[in-house]
Number of protein chains: 2
Amino acid sequence: MKNSQLYKGSLTTIVMKLLEENGRMYGYEITQKVKDITKGELKITEGALYPALHKLEAEGVLEVEVENVDNRLRKYYKLTEKGSAETINRLAELEDFIRNMQTLVQPKLDY
Amino acid sequence: MKNSQLYKGSLTTIVMKLLEENGRMYGYEITQKVKDITKGELKITEGALYPALHKLEAEGVLEVEVENVDNRLRKYYKLTEKGSAETINRLAELEDFIRNMQTLVQPKLDY
DNA sequence: ATTTATACCCAAGTATTTTATGTATATAAA
DNA sequence: TTTATATACATAAAATACTTGGGTATAAAT
C-alpha cells in the first residue's frame with residue numbers, strides 16, 4: 001500500500017466501507033477512490049487489492065457482477081447480506097483500534 | 001495481538017512510543033503496560049514482542065541493559081539516539097495513518 | 001508511434017504475527 | 001503442600017498479508 005507498515009491489515013476494512021457507502025464499485029475504481037480521498041497519501045496496489053477481493057468473494061462477503069463497458073471488462077463488487085453485517089463489526093473494530101492507538105500515543109495531559 | 005487484523009504493523013511504533021515516554025522498560029513490562037492502557041483490549045503476545053525487540057536492537061534502534069531482579073532476569077530496553085529520531089518519524093506516520101483512516105471511514109457531513 | 005490511463009490478473013518473495021511450545025523462579029490459593 | 005498464577009525470558013513452524021515485478025488488452029492522449 002505505502003511505505004508505512006501501519007496500513008497492513010486495514011485493506012479489507014477500507015474496501016468494505018467504500019462498498020457500503022457506494023453500493024457497488026469495481027477494483028480499479030477502488031484504487032482511484034482511495035487515492036483521491038487520501039490526496040495521494042494512500043495508494044492501494046493492484047497486487048494487494050485483487051487477491052483481497054477474490055478472497056472476500058470466496059468468503060461470501062462480496063458478490064460480483066461482470067459488465068462490459070467500452071469494450072473493457074469490469075467486475076462490479078457489492079456487499080452481500082453477510083458482508084453488510086460483517087462491515088458493521090469491522091467498522092466498530094476500526095473505531096476501537098483508532099481509539100486505542102490514540103490512547104497509547106497521546107501525550108499525557110496531566111499538567 | 002488480538003482478534004482484529006488492524007494492529008498488524010503497529011507493534012514497533014507502540015514499543016518505541018512507550019520507551020520514549022518511560023525511558024526504559026523490559027519486555028514483560030511492555031505487555032502489561034499496553035494491557036493496562038487499553039483496558040485489556042490490546043494484548044501484545046510474547047511471541048510477537050520478543051522477536052520485535054531483538055530486531056529493533058539489531059537495527060540499532062534500541063539498546064539493552066541486563067539486570068538481575070529478585071533472582072529473575074530482566075532486559076531493560078531503551079531508545080538509542082538513532083531510535084529517538086526514528087520514533088519521531090514513526091509517530092508522524094501514525095498520525096497520518098489515523099487521519100487517513102478517519103477520512104475514509106467518517107460518514108460524509110455534507111447535509 | 002509511444003506513452004499514459006483504464007482494467008483485469010498471478011506468483012515469488014518478504015515481513016509480521018499467531019500458535020504452540022520451552023525454561024525457570026516467586027507468590028498466591030486450594 | 002501441591003497446584004495454579006504471575007513474572008520473565010525465549011524459539012520455531014505455520015499462517016497471513018502485502019510488495020514487487022511481472023503479464024494481457026483496449027482507449028485516449030502526446
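Below, chain A is the first sequence line, B the second, and so on; all start at residue 1.
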| B:Tyr28: side chain to side chain donor-acceptor pair (under 3.5 Å) partners, not counting sequence neighbours | none
| query | Within this structure, what is the CG-to-P distance between B:Asp70 and C:dA24, rounded to whole angstrom? | reply | 19 Å
| query | Rounded to the Å, how far apart are A:Ile44 CD1 and C:dC8 P? | reply | 13 Å
| task | Could you tell me whether the phosphate oxygens of D:dT16, OP1 or OP2, come under 4.0 Å of any side-chain nitrogen or oxygen in A:Lys55? | result | no
Set out, line by line, the N/O atom pairs under 3.5 Å between protein and nucleotides 5-7 of chain C.
unit_1	atom_1	unit_2	atom_2	d
C:dT6	OP2	A:Tyr28	OH	2.3
C:dT6	O5'	A:Tyr28	OH	3.1
C:dT6	O2	A:Arg72	NE	3.2
C:dA7	OP1	A:Arg74	NE	3.0
C:dA7	OP1	A:Arg74	NH2	2.7
C:dA7	OP2	A:Tyr26	OH	2.6
C:dA7	O3'	A:Leu73	O	3.4

| field | Rounded interatomic separation in angstrom, taking CD from B:Glu59 and P from C:dT16 | value | 8 Å
| said: Are B:Ser10 and A:Met101 packed together at the side-chain level, in the sense that at least one heavy-atom pair is separated by less than 4.5 angstrom? | reply: yes
| request: Using whole Å, report how far CG of B:Leu53 lies from C1' of C:dT16. | output: 14 Å
| field | Candidates C:dT16, D:dT20, C:dC10 - which lies nearest the side chain of A:His54 | value | C:dC10
| field | Evaluation steps, side-chain contact (heavy atoms from CB on, under 4.5 Å), between B:Val66 and B:Arg74 | value | CA-CA 6 Å; B:Val66 181; B:Arg74 270 191 200 170; over 6 Å; no
| said: Side-chain N or O of B:Gln5 versus OP1/OP2 of D:dT16: is the shortest distance under 4.0 Å? | reply: no
| request: Determine, step by step, whether B:Thr80 and B:Glu86 satisfy the side-chain contact (heavy atoms from CB on, under 4.5 Å) criterion, reporting the C-alpha distance in whole Å, the side-chain angles of both residues, the deciding distance to 0.1 Å, and the verdict. | output: CA-CA 10 Å; B:Thr80 61; B:Glu86 250 309 298; over 6 Å; no
| task | Decide yes or no for A:Lys43 and A:Val34: does some side-chain heavy atom of the first lie under 4.5 Å from some side-chain heavy atom of the second? | result | no
| query | Whole-Å distance between D:dT16 C1' and B:Leu11 CG? | reply | 16 Å
| said: Whole angstroms only, please: what is the CG-P distance between B:Asn68 and C:dA24? | reply: 15 Å
| message | Distance check needed: C:dT16 P versus B:Leu6 CG, whole Å only. | response | 17 Å
| query | Can you check whether A:Tyr7 and B:Phe97 have ring centres sitting under 6.0 Å from each other? | reply | yes
| request: Answer yes when B:Arg99 and B:Asp96 have at least one side-chain N-carboxylate O distance shorter than 4.0 Å, and no when they do not. | output: yes
| query | Distance check: side-chain N/O of B:Asn71 vs OP1/OP2 of C:dA24, anything under 4.0 Å? | reply | no
| note | Rounded to whole Å, NZ of B:Lys43 lies from C1' of D:dA6 at a distance of 15 Å
